[in-house]
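Letters A, B, ... mirror the listed sequences (proteins, then strands); counts begin at 1.
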Amino acid sequence: MTSLSTKDKETVTAFWSMVSGKSEDIGNDALSRMLVVYPQTKTYFSHWKELTPGSAPVRKHGMTVMKGVGDAVSKIEDLTAGLRELSELHAFTLRVDPTNFKILSHNILVVFAIMFPNDFTPEVHVSMDKFLAALAGALSEKYR
Amino acid sequence: MVEWTDFERATIKDIFSKIEYDVVGPATLARCLVVYPWTQRYFGKFGNLYNAAGIAENAMVSKHGITILHGLDRAVKNMDDIKNTYAELSVLHSEKLHVDPDNFKLLADCLTIVVAARFGNGFTGEVQAAFQKFMAVVVSSLGKQYH
C-alpha cells in the first residue's frame with residue numbers, strides 16, 4: 001500500500017528495539033493465536049508433531065518468524081532487496097498464500113497490544129501495521 | 001443462523017460486562033481514525049482530526065466512540081439473531097450515512113486491539129477467536145442491507 005515515511009521508519013526502529021528482547025514470546029504467542037483463531041493456517045504445518053499453542057514446534061517457528069521480522073527492521077531502507085532470498089523461499093518452496101501474511105501480521109499486532117498496552121499507541125500501531133504490510137509485500141515479490 | 005458454543009456466549013457477555021464503555025469506545029474510534037486515516041472521510045464535521053493528539057482529545061470523537069460501542073449492546077443481547085437485530089442500522093449506514101462496509105472491519109480490528117490491551121493475558125487465543133467471530137457476524141449483518 002503506502003510506502004514508509006521517515007517517521008514510520010523511526011517509529012518502527014524505536015519500538016522494535018524496545019520489544020525485541022521479548023521476540024521469542026511474541027513469536028510464540030502470535031503464532032499460537034493464529035493457529036487457534038484462524039484454523040485454516042494449520043494446513044501449512046501438517047508435518048509438525050504437534051500444533052498446540054506453546055508447544056515446541058510452535059515456539060521454535062515463532063522464533064524463526066520473529067528473527068525474520070528483526071532482520072526486516074534492519075533492512076527497512078530497502079525491504080525488497082533485503083528480503084529477496086526470503087521471498088524466493090516463500091514463493092518457490094513454502095508457497096504460503098499471501099493472505100496469510102495479513103493474518104499473521106494482525107496477530108503480531110494483537111500481541112503487541114497485550115504485552116505493551118501503554119507503548120502500542122495509535123501512532124505506533126499505524127507505523128507497525130504499515131511496516132508489516134511492506135514486509136509482506138517484499139515477501140510476495142517473487143511469487144509471480 | 002450462527003451457532004454459538006457456551007464458551008463463546010459466555011466470553012462475549014463477559015467481555016462486554018467488563019469493558020469501560022467511556023474508555024474503550026473513544027479509544028477504538030480514535031485508533032481507527034489514526035491507523036486508517038481514510039475513515040476520517042465520514043467525520044468532516046468533527047473539527048480537529050489533524051493528528052493523533054488532536055483526535056485523542058476530540059470530544060466529538062469520544063462521544064461518537066461511546067455511541068458506537070453501545071450500538072454493540074444490541075448484538076450482545078441478541079446473539080441468536082444479529083442479522084435481523086441490525087437490519088435497520090444496516091439500512092441507516094447504507095442509505096443515510098453512506099459508509100463503505102469495508103470500514104466496519106477496520107473498526108472491528110481496532111476494537112479487537114483495544115480490548116486485547118485492556119484484558120492482557122486474559123485475552124487468550126480462544127477468547128480472541130470468540131470475539132473475532134462475534135465481530136465478524138456484526139460486520140456482516142451491518143453490511144447485509146446494502147444494495
Side-chain angles (χ1 to χ4, degrees), chain A residues 1-2 4-5 7-8 11-12 15 19 22 25-42 51-55 58-59 62 99 102-133, chain B residues 5 7-8 11 15 19-20 23-24 26-40 49-58 61-62 65 102 105-136:
Chain A
M1 234 197 222
T2 22
L4 302 173
S5 66
K7 182 154 183 280
D8 287 324
T11 304
V12 168
F15 185 70
V19 311
K22 291 233 153 87
D25 289 334
I26 295 170
N28 177 45
D29 198 357
L31 203 64
S32 298
R33 257 165 219 281
M34 185 187 80
L35 297 167
V36 166
V37 182
Y38 302 88
Q40 70 273 20
T41 57
K42 292 193 287 190
L51 278 167
T52 40
S55 61
V58 174
R59 188 165 271 277
T99 339
K102 249 201 185 150
I103 290 176
L104 183 56
S105 297
H106 169 73
N107 285 295
I108 291 173
L109 296 177
V110 169
V111 172
F112 285 153
I114 290 173
M115 290 177 69
F116 308 97
N118 297 319
D119 299 292
F120 194 61
T121 61
E123 293 101 310
V124 169
H125 180 166
V126 63
S127 294
M128 286 309 299
D129 192 22
K130 286 176 75 178
F131 169 69
L132 290 174
Chain B
T5 64
F7 173 80
E8 287 165 345
T11 298
I15 289 176
I19 52 176
E20 305 89 350
V23 171
V24 171
T28 299
L29 185 58
R31 190 167 285 257
C32 189
L33 295 169
V34 170
V35 178
Y36 309 107
W38 54 94
T39 58
Q40 291 172 25
L49 297 179
Y50 305 132
N51 49 42
I55 290 170
E57 288 158 16
N58 189 308
V61 171
S62 296
D102 283 348
K105 172 125 199 334
L106 301 180
L107 190 62
D109 282 351
C110 286
L111 180 58
T112 302
I113 296 278
V114 172
V115 167
R118 162 70 182 74
F119 283 86
N121 290 318
F123 197 68
T124 62
E126 288 81 358
V127 168
Q128 182 183 340
F131 188 74
Q132 288 193 197
K133 178 177 167 180
F134 173 76
M135 290 311 296

**OP:** Show the numbers, then the answer: is there a side chain to side chain contact (heavy atoms under 4.5 Å, CB included) between F119(B) and I114(A)?
**Re:** CA-CA 7 Å; F119(B) 283 86; I114(A) 290 173; over 6 Å; no

**OP:** Show your working on side chain to side chain contact (heavy atoms under 4.5 Å, CB included) between Q132(B) and H106(A) and close with a plain yes or no.
**Re:** CA-CA 12 Å; Q132(B) 288 193 197; H106(A) 169 73; 2.8 Å; yes

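Across R33(A) and G125(B), no two heavy atoms sit closer than the pair NH1-N, 3.7 Å. When all heavy atoms are compared, the tightest approach of V35(B) to V126(A) is O-CG2, 3.5 Å. Nearest heavy-atom pair, A113(A) versus A116(B), reported as atom, atom and distance to 0.1 Å: CB-CB, 4.4 Å. Scanning both residues, F120(A) and I113(B), for their nearest heavy atoms gives CE2-CG2, 4.0 Å.
Proximity to chain B is absent for every atom of F112(A), based on heavy atoms less than 4.5 angstrom apart. Both the backbone and the side chain of N121(B) come within less than 4.5 Å of a heavy atom of chain A. Using a 4.5 Å cut-off between heavy atoms, Y36(B) touches chain A through its side chain atoms alone. Looking at T121(A), only its backbone comes within 4.5 Å of chain B, counting heavy atoms on both sides.
Q128(B) and N107(A) share a donor-acceptor pair across their side chains, judged by distance under 3.5 Å alone.
Few gaps surround NZ on K133(B); more than 12 heavy atoms of other groups in view lie less than 6.0 Å from it.
When T112(B), T124(B), D109(B) are compared by the number of non-hydrogen pairs under 4.5 Å with chain A, T124(B) comes out ahead.
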